[in-house]
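What follows is a short report on a single structure.
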Amino acid sequence: MGSDFHTIPIIDINGYLEKIDDPVMVDDKELQDVVRQLDKACKEAGFFYVKNHGIPDSLVKGVKDVTRTFFNLPYEDKLKIKLTAQSGYRGYQRVGENITKGKPDMHEAIDSLKCDKNMAQCYREMKPGEYGSLGQSLEGSNLWPCYPPNFKVLMEEYIYLLRDLSRKIMRGIALALGGPPDAFEREKAGDPFWVMRLIGYPISSDISEIQHTDTGCGAHTDYGLLTLVNQDVEINALQVQNKNGEWISAPPIPDTFVCNIGDMLKIWSNGLYESTLHRVINNSSKYRVSVAFFYEPNFDASVEPFEFCKQKTRGIAKFDKVVYGEHLVNKVLNNFVY
């Protein structure tokens, strides 16, 4: 629904993580307190931080370090894993190749599946024919750089742990909406089409005058379920828009992930939760690294308002059914230029 929030809540999920998979603990006071906080955050801001999330700090820091190392390589080396249509839109994308609302973003990336700024992106790998013609354009394996040598191992461990953390957060969100804890599992997101973006935002003065815009990543909403962002320390660049149109800072907070909900959750919740506009502007004197993990529905999931959410909105479905894979492919094919 959105509000005129001016700060983004911090939610301690330590005890919650230990209990959320135990059916006996659904009514536990500590767990229910976290569920209430998730509900409030999703209704009022669409953004929240989680702390005591259980992901080792060494791993959180390690993925940012290898990302920075990759982006520091000579341009010719980064092009060895260049993102193309033939690669299933996986690989390296240079500054200005990612487009938001018709304007180039000032970042580079590696995409698996998706790329931004100086960015590397990784998607859940898709076998040929797995989803028929629906998934054909995104079929392929992730392109991993040879250097740093520990890049792939580190990222795969990180993805494994972030998938489980995201699943557990979504269980709390399901309870907050009034459904069973596993509402987003099985045919909904039991086999999530996760996406990871490794993004680099150059110092403004390092961007050529021909390419230059003020925005590292233009204002947008995310189009999946839940996003967990591992931000560079001491660089304040992420901004979130409140109901009044004001841009609220979402600064990096040590030992937390900043999380936000996406368009598919907006549909499943029948508008009880809104995906929130956000953008990135790097005005610092330092190169900024961000590692964003997108927890998505199953690729072939049919997304339409839950009955238990429609009951809270006079029984009326506010959104038509969409197939997540069709939605994703449309977004991907319109967000890249070559």
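All of these numbers come straight from a predicted model, not from anything done at the bench.
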Taking atom NZ of Lys152 as the centre, report whether more than 12 heavy atoms of other residues, nucleotides or ligands fall under 6.0 Å from it. no
Roughly how far, to the nearest 0.5 Å, is the CG atom of Leu265 from the CG atom of Asn270? 11.5 Å
Looking only at atom types and distance, does a side-chain atom of Lys321 sit under 3.5 Å from a main-chain N or O of Ser302, one as donor and one as acceptor? no
With a 3.5 Å cut-off and no angle check, do the side chains of Asp28 and Gln32 form a donor-acceptor pair? no
For the backbone of Phe5 and the side chain of Asn242, can you confirm whether one donor and one acceptor N or O come within less than 3.5 Å of each other? yes
If the condition is side chain to side chain donor-acceptor pair (under 3.5 Å), which residues does Lys40 pass it with, not counting sequence neighbours? Glu44
Any donor-acceptor pair under 3.5 Å linking the side chain of Lys312 with the backbone of Leu177? yes
List the atom of Val229, the atom of Ser290, and the distance in Å for their closest heavy-atom pair. CG1-OG, 3.4 Å
Assess the residue pair Thr7 and Ile248 against the criterion (side chain to side chain contact (heavy atoms under 4.5 Å, CB included)); give the C-alpha distance rounded to whole Å, side-chain angles, the decisive distance to 0.1 Å, and a yes or no. CA-CA 7 Å; Thr7 59; Ile248 308 303; 5.9 Å; no
Salt-bridge contact Asp33-Lys29 (side-chain N to carboxylate O under 4.0 Å): no
Return the minimal non-hydrogen interatomic distance between Pro297 and Met264, and the atom names on each side. CG-CG, 3.8 Å
Could you please spell out the steps behind the side chain to side chain contact (heavy atoms under 4.5 Å, CB included) verdict for Val291 and Lys64? CA-CA 7 Å; Val291 179; Lys64 287 183 293 193; 4.1 Å; yes
Heavy-atom closest pair, residues Asn236 and Ala250: OD1-C, 4.2 Å
Ignoring hydrogens and angles, state whether a donor on the side chain of Tyr287 or Asn282 is under 3.5 Å from an acceptor on the partner side chain. no
Does this structure show an ion pair linking Lys43 with Asp39, if we count only N-O contacts that are shorter than 4.0 Å? yes
Backbone N or O of Leu277 within a donor-acceptor pair of the His220 side chain at under 3.5 Å? no
Taking 4.0 angstrom as the limit, do Asp164 and Arg167 come out as a salt bridge? yes
How many angstroms lie between CH2 in Trp194 and CZ in Phe299, if you round to the nearest 0.5 Å? 14.0 Å
My understanding is that only residues two or more places apart in sequence, or in another chain, count here; which of them pass side chain to side chain donor-acceptor pair (under 3.5 Å) with Asp4? none
For His278 and Asn260, work out which heavy atoms get closest and say how close. CE1-ND2, 3.7 Å
Any side-chain heavy atom of Phe294 within less than 4.5 Å of one from Met196? no
Could you tell me which non-hydrogen atom of Ala41 sits nearest to which non-hydrogen atom of Pro9, and how far apart they are? CB-CG, 3.7 Å
Within a strict 4.5 Å, meaning less than it, do heavy atoms of the Met155 and Val66 side chains meet? yes
Side-chain heavy-atom pair Leu198, Phe151 within 4.5 angstrom cut-off: yes
Relative to each other, are the rings of Trp268 and Phe184 parallel, tilted or perpendicular (30° and 60° limits)? perpendicular
Whether Arg68 and Asp232 form a salt bridge (side-chain N of Lys/Arg under 4.0 Å from carboxylate O of Asp/Glu) is what I want to check. yes
So how far is it from Leu226 CG to Ile261 CD1, rounded to the nearest 0.5 Å? 8.5 Å
Once the angle between the rings of Phe308 and Phe306 is folded into 0 to 90°, is it parallel (under 30°), tilted (30 to 60°) or perpendicular (over 60°)? parallel
Quick check: do Tyr324 and Asp300 have side-chain heavy atoms less than 4.5 Å from each other? no
Within the 3.5 Å criterion, strictly below it, is a donor on Asn14 or His53 matched to an acceptor on the partner's side chain? no
Would you please say whether a donor-acceptor pair under 3.5 Å links the side chains of Glu30 and Tyr16? no
Got a donor-acceptor contact below 3.5 angstrom from the Asn298 side chain to the Arg186 backbone? yes
Any non-hydrogen side-chain atom of Phe257 less than 4.5 Å from a side-chain atom of Leu165? yes
When rounded to the nearest 0.5 Å, the distance separating CG of Asp27 from NZ of Lys19 is 12.0 Å
Could you go through Phe48 and Gln37, starting from their C-alpha distance and side-chain angles, then the distance that decides it, and tell me whether this counts as side chain to side chain contact (heavy atoms under 4.5 Å, CB included)? CA-CA 9 Å; Phe48 53 92; Gln37 291 181 65; over 6 Å; no
Would you find a donor on one side and an acceptor on the other, under 3.5 Å apart, between the side chain of Ser284 and the backbone of Lys286? yes
Under the side chain to side chain contact (heavy atoms under 4.5 Å, CB included) rule, what do Val34 and Ile11 come out as? Steps first, then yes or no, please. CA-CA 7 Å; Val34 170; Ile11 304 176; 4.0 Å; yes
Looking at Thr256 and Pro252, would you say the former's side chain and the latter's main chain have a donor-acceptor pair under 3.5 Å? no
So that I can tick it off, tell me whether Arg171 and Glu185 are bridged by a salt bridge, with the cut-off set at under 4.0 angstrom between side-chain N and carboxylate O. yes
When rounded to the nearest 0.5 Å, the distance separating CG of Leu162 from CG of Leu228 is 5.5 Å
Between Gln231 and Arg288, is any side-chain donor less than 3.5 angstrom from a side-chain acceptor? yes
To the closest 0.5 Å, what do you measure between CG (Asp263) and CZ (Phe319)? 9.5 Å
Minimum heavy-atom distance Leu38-Ile173, with the two atoms named: CD1-N, 4.1 Å
Do any N or O atoms from the side chain of Ser275 and from the backbone of Thr221 form a donor-acceptor pair under 3.5 angstrom? no
